[in-house]
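See structure below.
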Amino acid sequence: MKGVSRMTQQEASGTMYTPGRKPQDVLRHSFFLCGERDRIKQVFAKGNQQLGNMSGKPKLTYFEGRGRMESIRWLLAAAGVEFEETFLKTREQYLKLIKDGYLLFDQVPLVEMDGLKLVQTKAILNYIAGKYNLHGKNLKERAHIDMYVEGTMDLMGMILVYSFSPPEQKEKQLASVLEKATTRYFPVYEKALKQPGQEFLVGNRLSWADVQLLEAILMVEELKSDVLAPFPQLQAFKARVSNLPTIKKFLQPGSQRKPPPDDAYVATVHEVFASK
Ligand SMILES: N[C@@H](CCC(=O)N[C@@H](CS)C(=O)NCC(=O)O)C(=O)O
């Protein structure tokens with residue numbers, strides 16, 4: 001009713017009133033317009049919301065560091081998708097995300113895209129890989145990609161644990177990471193790439209598995225720079241994939257790729273989760 005009286009005032013001031021028109025017609029007309037105006041407003045609001053979700057860049061919420069978000073950044077970058085980032089710095093920010101219903105399991109990473117609030121790292125990566133044709137041409141290719149991806153995830157997971165381990169355990173953890181990388185994981189990828197003409201791991205085109213493998217190789221090299229010496233196929237693969245335009249761009253300084261974790265990053269994580 002508030003709206004009606006506002007419209008009536010407008011009309012009384014001359015905008016809607018036309019000579020010969022009865023006051024009740026003006027009132028009826030203004031009521032119709034008022035209803036229409038609200039409806040039009042709603043349509044525009046919904047349209048803008050959809051537009052924002054559909055055409056906007058994906059929004060990533062995580063710490064300003066690698067962690068579980070880094071593979072997501074890599075995959076989006078490889079697909080040539082620009083994204084925005086919000087960095088968690090305080091516990092209040094984290095609690096607000098939970099309160100506002102953004103985090104299905106009260107955990108990050110969070111990726112907002114296509115109107116979805118995506119959580120769970122693998123679900124997010126699956127969505128991106130599917131959307132940008134990085135998940136194989138058929139179910140069998142997809143199965144191979146998933147197996148290779150899981151291998152790199154296990155390896156990178158060990159490195160993640162190593163980064164957070166106490167100083168007295170670091171040396172042992174490092175030896176274990178390098179041993180697993182060179183005897184369990186890298187030989188599998190080396191063999192896969194040895195097939196004649198095999199430029200990528202699956203189906204001779206770039207997939208999620210290649211993106212993850214390059215990420216994992218670079219992470220292990222940060223721990224031991226000559227680790228690829230016994231793996232000529234992996235060396236060639238690294239050079240080849242690093243040179244793909246989208247990936248080359250992501251590897252340039254100043255990109256959204258994050259550095260290895262430092263003490264400040266670890267302290268922020270502990271503060272946000274009140275874990276120490
Ligand atoms: N399975 C989840 C695990 C996510 C997870 O553990 N996230 C951490 C940050 S890296 C977190 O939010 N921890 C807070 C908590 O578990 O309460 C995923 O892969 O995304």
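Read the numbers this way: they start at 1 and go in the same order the structure lists the ligands and their atoms.
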* Going by the order shown, which atoms of ligand 1 are within less than 4.0 Å of some heavy atom of Tyr94? -> 14 (C), 17 (O)

* With only distance considered, is Lys122 within less than 3.5 Å of ligand 1 through an N or O on each side? -> no

* Asked: So, Tyr265 side chain and Pro259 main chain: donor-acceptor pair closer than 3.5 Å or not?
  -> no

* Asked: Nearest protein heavy-atom contact for atom 11 (C) of ligand 1: which residue, which atom, what distance?
  -> Phe273 CZ, 3.4 Å

* Are Tyr102 and Tyr94 close enough that their ring centres sit under 6.0 Å apart? -> no

* side-chain contact (heavy atoms from CB on, under 4.5 Å) with Leu75: which of Trp208, Tyr127, Tyr132? -> Trp208

* To do: Work out which heavy atom in Met153 is nearest to a heavy atom in Leu125; give both atom names and the distance.
  => CE-CD1, 3.4 Å

* For Tyr62, is the nearest heavy atom under 4.0 Å from an atom of ligand 1? -> yes

* With atoms numbered from 1 as shown, which atoms in ligand 1 lie under 4.0 angstrom from a non-hydrogen atom of Gln120? -> 1 (N), 2 (C), 18 (C), 19 (O), 20 (O)

* atom 5 (C) of ligand 1: nearest protein contact (heavy atom, Å) -> Arg68 NE, 3.4 Å

* If you measure only the distance, is there a donor-acceptor pair under 3.5 Å linking the side chains of Thr90 and Glu271? -> no

* Return the residue, atom name and 0.1 Å-rounded distance of the protein heavy atom closest to atom 15 (C) of ligand 1. => Gln107 CG, 3.8 Å

* To do: Please check if the distance between the ring centroids of Tyr62 and Phe87 is under 6.0 Å.
  => no

* At a 4.0 Å cut-off, with the gap strictly under it, does some heavy atom of Pro109 reach an atom of ligand 1? -> yes

* To do: Return the residue, atom name and 0.1 Å-rounded distance of the protein heavy atom closest to atom 20 (O) of ligand 1.
  => Thr121 OG1, 2.8 Å

* Rounded to the nearest 0.5 Å, how far apart are CZ of Arg205 and CZ of Phe200? -> 10.5 Å

* Asked: Does an N or O from Val108, backbone or side chain, lie closer than 3.5 Å to an N or O of ligand 1?
  -> yes

